[in-house]
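The chains referred to below are lettered A, B, ... by the order of the sequence lines, with proteins before strands, and numbering in each begins at 1. Heavy atoms only: backbone and side chains are in, while hydrogens, waters and symmetry mates are out.
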Amino acid sequence: MLLSKTSVLSSALGVALLSAAAVSPVAADTYPSKPIKVIIATGAGGSHDLHSRAVASVIPAYLGQAFIIQMKSGGGGKIGMNVLKNAKPDGYTIGLVTGSHFAIAAHGKDMGFDTLKDFIPFYQVNYAPTMVVVKASSPWKTLKEFAAAAKAAPGKLTMSSSGQAGSSHMMLLQINRGLGIKVKHVPFRGGGKAFNAMWGGHVDMAMATPTTGGALSKIKAGKARALAMATPKRSKLLPDVPTLYELGIDYEYLSWRVFAAPAGTPQDKIDILVKALRKTSKDKTFKRLLKRFGEQNIPLDGPELKKKYVDTYNFYGKLFEANGLKYKKKM
Amino acid sequence: MDAVIEGLNLALSWDAIAMVALGVFAGITVGAIPGLTSVMAIAVLVPFSFFMAPTLGIPFLLGIHKGALFGGSIPAILVNTPGTTPAAATCLDGYPLSQQGQSRSAIEMALYSSTIGDTFSDIVLILAAFPLAAVALKFGPTEFFSLMLMGLVVISSVTGPSLVKGLLAATIGMILGFVGLDIVSGAERFTFGIDSLAERIGIVPLMIGLFAISEVMIQSEKKISQLSKPHPMAGLKGGVPLKLIILWRSGGTIARSAVIGTIIGAIPGAGAAIATFTSYGLAKRLSKEPEMYGKGSYEGIAASEAANSSVAGADLIPTLTFGIPGDASAAILMGAFIAQGLRPGPELFTEQTGTMYGIFFLLLLGNPIMLIQGKLLTPLFARLVTVRSSILLPVILLFCIIGAYIYRNNMVDVQMALGFGVFGYFLRKLQIPMAPLVIAFILAPMAEEAFKQALVLSDGSFGIFVTRPISAGFILISTVLLGVSIFKRPAKFG
């Protein structure tokens, strides 16, 4: 964590040095000629904060300019995402965004932005796979066994979620539909609390990323059990655990960290950023930091990322519709 | 064991130790300036700790918490004005001693008793926190609701001389706490369409407004001639160091007061002021020379200072393990922990074990640091008593505004802090206590969430709260406490 302090200091120093450079007319021709603001719409100390600071600590070497991280949390992502949407599309304001804002919340309520029109996603730092977890002391070895128990006693088994209409709630709805069971939904404030409710034995099942509540290390230590992964393919982290798709459940969720620019940002500027960001993914310090967070290095950009972004958005649109949770825009 | 070593590694670095020392220094400074309370100082300085790593920022804040509780005794002894509310009892004996030319030994007595009390309480915190956190994990929504309910009942029955005003304050706090997104239903409540309110009212702007800005406003009512006049100074001239035999004789009192302060500190809602007066009262009753109390008894200073400093560690016990703040200062510290990504609750002790050990080591280390600073720098701190309010107040206001802004880089938080400042000003004028407001602000939404979750689990049956034994126990205690506070008015505390 010492890093975040040094990165703040170094970026502050960067501002001081580079704002001096920015005044000179010669420098204005080449992009970037001044530091780039990175808007984070989630809270301080969260995974987006950590990832943005990890990138910021190595990017100056590849871009010649610093990233200045600006936390704009509040309103469940609405505030930060709108700051990004309304920023001047000159390449000097970008954001590190999360699927729970642009793909999930955008369908559930009026977020004040249009996911597909207002942003250009251009670089994925990584994502964290999410999984379905139970305590190792529970009787269920597979999701099938869990479903059988749920059928035997309808409405008795419970699953915690990170909140109403959030990623884990959507997953529960899909599990219920896919397996034809009725597991009770108990919402908590955030994934950490939801996981602990399962860990303390107050609910039967929870969704977790590898780092939520130290889930992966608990699974590896044999104290918790992953019943399924909400990933498109089996994850390298737990290759024996089947995906939800394999089990007949139409759901995937990745905790995403994606750089996006406001619509209208010139493509040549985005290309420069992508080029520099690709280099950070090979940076030793950056890799070491990711390892310390317990995260993987999964860079992705170009048309593939764009497609994934649109697909994810549409996927959730259908889910919200199917479950009658879709927010209708008032015209 | 690895975690202990990791913690030691974090704690035994020069910058970490320097931050504790800086915190203690800032705390004593703030405590020594009459009119600047520790709650206010922590509220204003919390946002600045966001720029530091948790193992630097948190010890810095804890240092302030510690230092201020001792620092408050300096003006209490020198000019009969308590620097902080809990130091009010220290005036009773400290000032008479000062008039007898014994200010130096009186301050040293305060320093030694504070350090001993604080160290004891830190040790209790460290020993209790990990097992309690394990217990907290066993608490489901049902138990949590009943525990929060008990917390709410405790604050309504112990805070302030007026039960009605205490309840009124708690109610206001509850209403403010309900603003924002309801996690169970997904509905936005009382947000008036303002996006910044959807994620609840920020605790930092609320605290800065209520505790700091309102105080600046109250102080500004005074005439400018009064504000720019330095305090008359009794001074440290001619004082002699404290005789060790006096300290030795007060040993029993210090020990007893430290235990009382630790117990009261660990009860949610009961803070340093209550601990101090309880322990002072008891010390006087049990003393061999009660007639000396109020006329310059060293034992009296020991009772007051050991008790109020021993709250510093203990009030973190419920704060860190259950997420229930022990008092207003702990409530703000809790906000700082959350902002640093250290969410109080059992998960803190299972996932961030190394960091927590580090913080605990630094907390302990803060005590000898306070002793050294107090011993060497008392003449300097004594001079602070004379700082003019006319210079101090504008500086504080500026810090308030910067602090509110950097909390979330959001102008709305500054507006809210100013709004709560005006609101807090009227609360002060009406003598409505603010601690119940702040604690209810934190507890009520947590209680409500747990309440709804429990009802989801029980399919809507309220019986769940009395059929589960731990929960039933808390409900029973709450009922008894409520009965006692209705039929027998609590003792009055300043």
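Both the backbone and the side chain of L457(B) come within contact range of chain A, with heavy atoms under 4.5 Å apart.
Within 6.0 Å of NZ in K135(A) there are more than 12 heavy atoms belonging to other residues, nucleotides or ligands.
If you tally non-hydrogen atom pairs under 4.5 Å between each of K78(A), R189(A), Q70(A) and chain B, the highest count goes to R189(A). For the set E188(B), K138(B), E449(B), the count of heavy-atom pairs under 4.5 angstrom toward chain A peaks at E449(B).
Remark: side-chain polar atoms of N82(A) are paired, donor with acceptor, to backbone N or O of M111(A) under 3.5 angstrom.
In summary, the side chains of S167(A) and S100(A) do not present any donor paired with an acceptor at a separation below 3.5 Å, with no hydrogens or angles considered.
Within the structure, ring-ring contact (aromatic ring centres under 6.0 Å, His included) contacts touching residues 182-216 of chain A (residues at least two apart or in different chains) are H169(A)-H185(A).
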